[in-house]
Student: 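Dropping a structure here in C-alpha cells format, bear with me for questions.
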2 protein chains.
Amino acid sequence: MGYAMTTSSLDGIMEQLECADALDGLQTASEALRNHYQIDHLVYHWVSSSGQQYGCGTYCPDWVARYLDAGYLRIDPVIVGCYQRFHPVDWKRLDWSSKAARAFQKDALEHGVGNQGYSIPIRGPNGQFALFTINHSCHDEAWAEFTESNRRQLILLAHAFNQKALELEPERSPMAAQALSPREVDAMTLLAVGYSRAQVADTLSISENTLRVYIESARHKLGALNTTHAVAKAISRGVIVV
Amino acid sequence: MGYAMTTSSLDGIMEQLECADALDGLQTASEALRNHYQIDHLVYHWVSSSGQQYGCGTYCPDWVARYLDAGYLRIDPVIVGCYQRFHPVDWKRLDWSSKAARAFQKDALEHGVGNQGYSIPIRGPNGQFALFTINHSCHDEAWAEFTESNRRQLILLAHAFNQKALELEPERSPMAAQALSPREVDAMTLLAVGYSRAQVADTLSISENTLRVYIESARHKLGALNTTHAVAKAISRGVIVV
DNA sequence: CCCCGCCTCACCATTTCTGATGAGGTGCAA
DNA sequence: TTGCACCTCATCAGAAATGGTGAGGCGGGG
C-alpha cells in the first residue's frame, strides 16, 4: 500500500470529485482513489430508506449482484454494525459470530473482497445513511497502520462522496420534505414514544378529535398509509427525533 | 483572523480532544480553537429530540440562557436550515426572511454573536443531530476566504467534537439494542412500511394469530408500549432498516 | 386586504388492534 | 440429553383506531 502518497494527487481527486457530474464523478473518483491508495477496493454505498440502494465503487459486478440478490443488506455485519455507530470502524471490530454473518464473509472473500476492511458511516438529512468503505488483503498490522494514518483523509472523502451522492436525489432537498406543523410534530413525537391517542391528546391539552386531525394531516403530508407508517416515516426522515 | 496558523497547533488541539474526558475536553477544545483561529465564537450544539439540548462553546452565558428560554431552537434559521442540509453552510445563505428570524438575528447580534457565521451539520446514530458553528464579526470577503480555506479542517473538527459528545450518552451504544428474531424483524419491517396486520400476515404467509405473537414478543423485547412504539424503537435503534 | 395554513372541535359506523393464555413442532447449543 | 429460543396456530371479549367531512377563529405573507 502506498504509504508515501503525495497529497497533491489526493487533493486533485477530491477537487475533481467536487466539480464533476455526480454519476460519473463518484465512479471515477472511486477508481482513482483505489489506485492512489493502492488498495483492493473502495466503495460508496448508499442505503436508502425504502430499501433502495445505490452503490459505486470497485467491487466486481458479480459480487454486487450477488449482494443484492441474496439480500445481504439485512445480514451484512458492516451495515448492521455501522448503523449503530458514528465513528469509522475496522471490520475486525464488528460482530461476525452469527452463522449467517460467517456465511456472508466466506462468500465475500470468494468474490474478491479483501480480508481487511474499514468503513465510515455517513448520515445526511431525512435519515439518509451511507457507508464509505475501503478494503484490502493484508496483515492486521499493516492495515491498522494504513487506516490510522489515513483516517482523517478518509473521513473527508466520505463526506465529499456523500455530498456528491446527495445531488442524485434532488427530492431529498429541503423543498421535497413536506414540513410538518409544530402540532403535527408534537403528535407524531408523542405517538412515537408509545402514547395512545387519548394520552397524547391529554398531554397536549387538546381534544382527541383535534389530535386526530393532526395525525391525519401528518399522515397525508408524509404520504403514509396509517399512523404507524407515518411515525416510521417521520423518524427515518428525521422530521421527529425519538 | 489567523490565516498563517500552524497546523501543528491544530493537530495538538484535536489530539487532546480525542483523548480527554468528554465534558471537559469539549469545552477546553472550544476555547483553544477560538484562540487558534482568532474568531469571536466557536460552538458545538447537540440538538436532541424532546427539546433537550447540550451545548458547549464560547457564547456568553446570557445568550445561551436567552436562547433556551425564548425557545429560539424552533425558529433559529441556522437550526432549521442545517437540519435539511448535509454540507456546511454560511449563515448568509440561510433564510432570514421570516419576522421571527429577523427578531432572533437582532437579538443575537446584541448578545455578542458575530455577523458572520458558518455551521456544519453532523448526524449520528438514532437520529442524533448536532451543529458545529464558528462565527465572527468581519466583512463578507474575509469571511468567505477564511471559511473556504479552513473548510476541511472544520469538518474534521465537527466530526471529532461529535464523536466525543456521543460518549456523553452511553445508552446510544450498540449494546442497548436487544436482537429481534428474523420473523420479528420481518413483522416490524412490514408494519413500518404501512401494512396492516392482515397484510403483513398475508405477505409472510402466516396466520394473523401467529403474526400477533411476533409483534407481541418484539414489543416486549423492545420495551415498547404498543405497536407504533415498537416500530419507532426498532427504527431508531437500527434494528430494522426502512 | 385577502388568502392560506394552522389550531381547534364534533359526529359515528366500521375496522383493527390488544392482552392473556395454551399448545405442538423444530433446531441449535451446552 | 435437556434445555431454550424460535415458529406456528387458536380463542375471546373489550378497547382503540380509522375515515371522511364540516366549520369557526387566528395570524402571517403577498
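Quick caveat: nothing in here was measured; it's all calculated off a predicted structure.
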Student: Looking at every strand, decide which applies to A:S181 at a 4.0 Å heavy-atom threshold: base, sugar-phosphate, or nothing.
Tutor: sugar-phosphate
Student: Show the nearest heavy-atom pair for residues B:A232 and A:V231, with the distance to one decimal.
Tutor: CB-CG1, 4.1 Å
Student: Determine, using ring centers only, whether A:H45 and A:Y59 are less than 6.0 Å apart.
Tutor: no
Student: For DNA chain C, which nucleotides open and close the run of contacts to chain A, 5' to 3', at under 4.0 angstrom from a non-hydrogen atom?
Tutor: C:dC6 to C:dC12
Student: Could you state the CG-P distance from B:L180 to D:dC7, rounded to the nearest angstrom?
Tutor: 10 Å
Student: Strictly below 4.0 Å: does B:S207 bring a side-chain N or O up to OP1 or OP2 of D:dA10?
Tutor: yes
Student: When you check the phosphate oxygens OP1 and OP2 of D:dT8, does a side-chain N or O of B:T210 lie under 4.0 Å from one of them?
Tutor: no
Student: Just how far, in rounded Å, is P of D:dA10 from CD1 of B:I206?
Tutor: 11 Å
Student: Taking side chain as C-beta onward, heavy atoms only, is A:K92 less than 4.5 Å from A:W143?
Tutor: yes
Student: Quick one: are the ring centres of B:H136 and B:Y118 less than 6.0 Å apart?
Tutor: no
Student: Once salt bridge (Lys or Arg N to Asp or Glu O under 4.0 Å) is applied, do any residues pair with A:R66, and if so which ones, sequence neighbours excluded?
Tutor: A:D107
Student: I need the CG-C1' distance between B:D186 and D:dC7, as an integer number of Å.
Tutor: 12 Å
Student: For a quick check of understanding: with a heavy-atom distance under 4.0 Å over all strands, which category does B:S217 fall into, base, sugar-phosphate or nothing?
Tutor: nothing
Student: Could you tell me which residues satisfy salt bridge (Lys or Arg N to Asp or Glu O under 4.0 Å) with B:R183, sequence neighbours excluded, listed by chain and number?
Tutor: B:D186
Student: Can you name the closest pair of heavy atoms from B:F86 and B:P121 and give their distance?
Tutor: O-CG, 3.6 Å
Student: For nucleotides 18-30 of chain D, give me one character per nucleotide, 5' to 3': B if any protein heavy atom sits under 4.0 Å from the base, S if the only such contacts are to the sugar-phosphate, - if neither.
Tutor: BBB--------S-
Student: Report the distance from atom OG1 of B:T228 to atom OH of A:Y195, rounding to the nearest 0.5 Å.
Tutor: 14.5 Å
Student: At how many degrees, to 10°, do the end axes of the helix from C:dC1-D:dG30 to C:dA30-D:dT1 meet when each uses five pairs?
Tutor: 70°
Student: Only counting residues at least two apart or in another chain, list the ones meeting salt bridge (Lys or Arg N to Asp or Glu O under 4.0 Å) with B:R219.
Tutor: B:E216
Student: Between B:H159 and B:F132, is the ring centre distance below 6.0 Å?
Tutor: no
Student: Ion pair present between A:K106 and A:E110, side-chain N to carboxylate O less than 4.0 angstrom?
Tutor: yes
